[in-house]
There are 2 protein chains.
Amino acid sequence: MKDSMDNSIIDKLQNFYIQLISQFGHCTGVSPSRFRLLHKLYHVDEINQTTLQKELQIDSAAITRHLKQLEGDGIVTRRNNPDDNRFTLVRLTELGRQEIVAYREEKILFMAQLLQGFSEEEQKLFSHMIERMRNNITKGRNEE
Amino acid sequence: MKDSMDNSIIDKLQNFYIQLISQFGHCTGVSPSRFRLLHKLYHVDEINQTTLQKELQIDSAAITRHLKQLEGDGIVTRRNNPDDNRFTLVRLTELGRQEIVAYREEKILFMAQLLQGFSEEEQKLFSHMIERMRNNITKGRNEE
DNA sequence: TAATATTAATTGATATATCAACGATTGATG
DNA sequence: CATCAATCGTTGATATATCAATTAATATTA
């Protein structure tokens, strides 16, 4: 039982990611899930919850609860799709967009720190590697 | 407000990691935290909880609860350090080691899939990049 | 030695995530 | 048209994570 695969890439990734999330979360004061949710909303005009769920891989119950809370805080609005009342369409309010701009500034600072010493090519290479791995493990499933 | 940094490395990393954890978790049937905990225990003979907490960056309350449960399942044993009764020394049982061997086999399979098409050099490069990023964000803090 | 401070582990309160079950709406089929 | 199936969102039960407060043991210091 030799340690040929210990401190493997998965282990390193996990340790790294935990660190990253912990630091980044403290920067922005927002949990990773919520950050991803807001980030997604920032990039679409209006979107229904199931699409959010699928793209973010967050449980639909969690989606509902996040959005309820965000709606209460005035960050998003929700309305039914008039063409199909099953769908709930979500969009950021102006306030919501403003908040996110602040987060994004934090994020830029954080990324600058994270990527210190990385050339453009290295960054591209890294992104590409992540992409390849993601393809490897999502292979054989329907793409989003 | 241009999208110069959208779909940034952080976003990609998050999306990728969520995927990875989801798939990997389904493979082994163990949560990421618990997996990391067991993995650590596998590599040390005996360790106290605070050290675990610091190295894994898991809350000490979570450590306690995990270990209680694992103890109940016969995966670990706990005893007080005779030299200092504040410390609780944890170690895997034989059963625990056997279980982990099974997880490790799942992990090997999963990693093979994850790293399909990656040469040795690419894997090393990727690890190194992660390491560099980790250093970038842990800079100025006491190392573990 | 007695009083105080520090450290490890635990517990309680709370927040957030997941799974399963449910209700409401729409689509499909006889 | 009526029934059945499928889809979206919500809720409840439960598991797990975090923070703050607590307890027990040890170290420090007057």
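Side chains are part of it too, since the values below use all heavy atoms of this structure and drop only hydrogens, waters and symmetry mates. Order of the sequence lines fixes the chain letters, A, B, ..., with proteins taken first and strands second; residue numbering starts at 1 for each chain.
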Next on the checklist: Could you write out DNA chain C as dot-bracket? Rules: Watson-Crick or G-U wobble, both distances under 3.5 Å, brackets [ ] for crossings, | for pairs with another strand, dot for unpaired.
Outcome noted: ||||||||||||||||||||||.|||||||
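Comparing A:Gln49 and A:His26, the nucleotide of DNA chain D nearest to each residue sits closer to the 5' end for A:Gln49. Taking for each of A:Asp83 and A:Ser31 the nucleotide of DNA chain C with the nearest heavy atom, the 5'-most of the two is the partner of A:Ser31. The residue among A:Ser33 and B:Leu89 whose nearest nucleotide of DNA chain C lies closer to the 5′ end is B:Leu89.
For B:Gln23 against A:Ile137, the heavy-atom pair with the smallest separation is NE2-O, 2.9 Å. Taking both residues in full, the closest heavy atoms of A:Gln49 and A:Thr64 are given as NE2-OG1, 3.5 Å, listed atom of the first, atom of the second, then distance.
The ring pair (Phe, Tyr, Trp, His ring centres under 6.0 Å) pairs that include a residue from residues 73-126 of chain B are A:Phe126-B:Phe126, B:Phe24-B:Phe110, where partners are two or more places apart or lie in different chains.
Taking the six-membered ring for Trp and thresholds of 30 and 60 degrees, B:His39 and B:Phe35 have nearly parallel ring planes, at less than 30 degrees apart.
As a whole-Å value, the separation of B:Asn81 CG from D:dA24 C1' is 15 Å. Taking atom CD1 of residue A:Ile47 and atom P of nucleotide D:dC8, one finds them 13 Å apart after rounding to whole Å. Whole-Å rounding puts the B:Asp59 CG to D:dA21 C1' distance at 13 Å. Atom CG of A:Asn85 and atom P of D:dC8 are 14 Å apart (whole Å).
Panel note: side chain B:Ser22, backbone B:Ile18; no donor-acceptor pair is recorded below 3.5 Å.
Side-chain contact between B:Val90 and B:Leu41 is present, with at least one heavy-atom pair separated by less than 4.5 Å. Taking the side chain as every heavy atom from C-beta outward, B:Leu95 and B:Glu99 approach each other to under 4.5 Å. Residues B:Gln14 and A:Tyr17 form a side-chain contact, since some pair of their non-hydrogen atoms from C-beta on lies under 4.5 Å apart.
Here the range on DNA chain C touched by chain B, meaning any atom under 4.0 Å from one of its heavy atoms, is C:dT6 to C:dA13.
When heavy atoms are screened at a 4.0 angstrom cut-off, B:Ser60 is found touching base atoms of the nucleic acid. Across all strands shown, A:Arg78 has heavy atoms under 4.0 Å from sugar-phosphate atoms exclusively, and none from any base.
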Quick one: side chains of residues 67-75 of chain B, donor-acceptor pairs under 3.5 Å with protein atoms, not counting sequence neighbours, listed by atom name and distance.
residue : atom : partner : partner atom : Å
B:Gln69 : OE1  : B:Arg34 : NH2          : 3.4
B:Glu71 : OE1  : B:Arg78 : NE           : 3.4
B:Glu71 : OE1  : B:Arg78 : NH2          : 3.2

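Shown here are the side-chain contact (heavy atoms from CB on, under 4.5 Å) partners of A:Ser33, two or more places apart in sequence or in another chain: A:Ser31, A:Ile58, A:His66.
Between the side chains of B:Asn80 and B:Arg86, no donor-acceptor pair is found at a separation under 3.5 Å.
A heavy-atom distance below 4.0 Å to DNA chain D is reached by these residues of residues 61-77 of chain B, ordered by number: B:Ala61, B:Ala62, B:Arg65, B:His66, B:Gln69.
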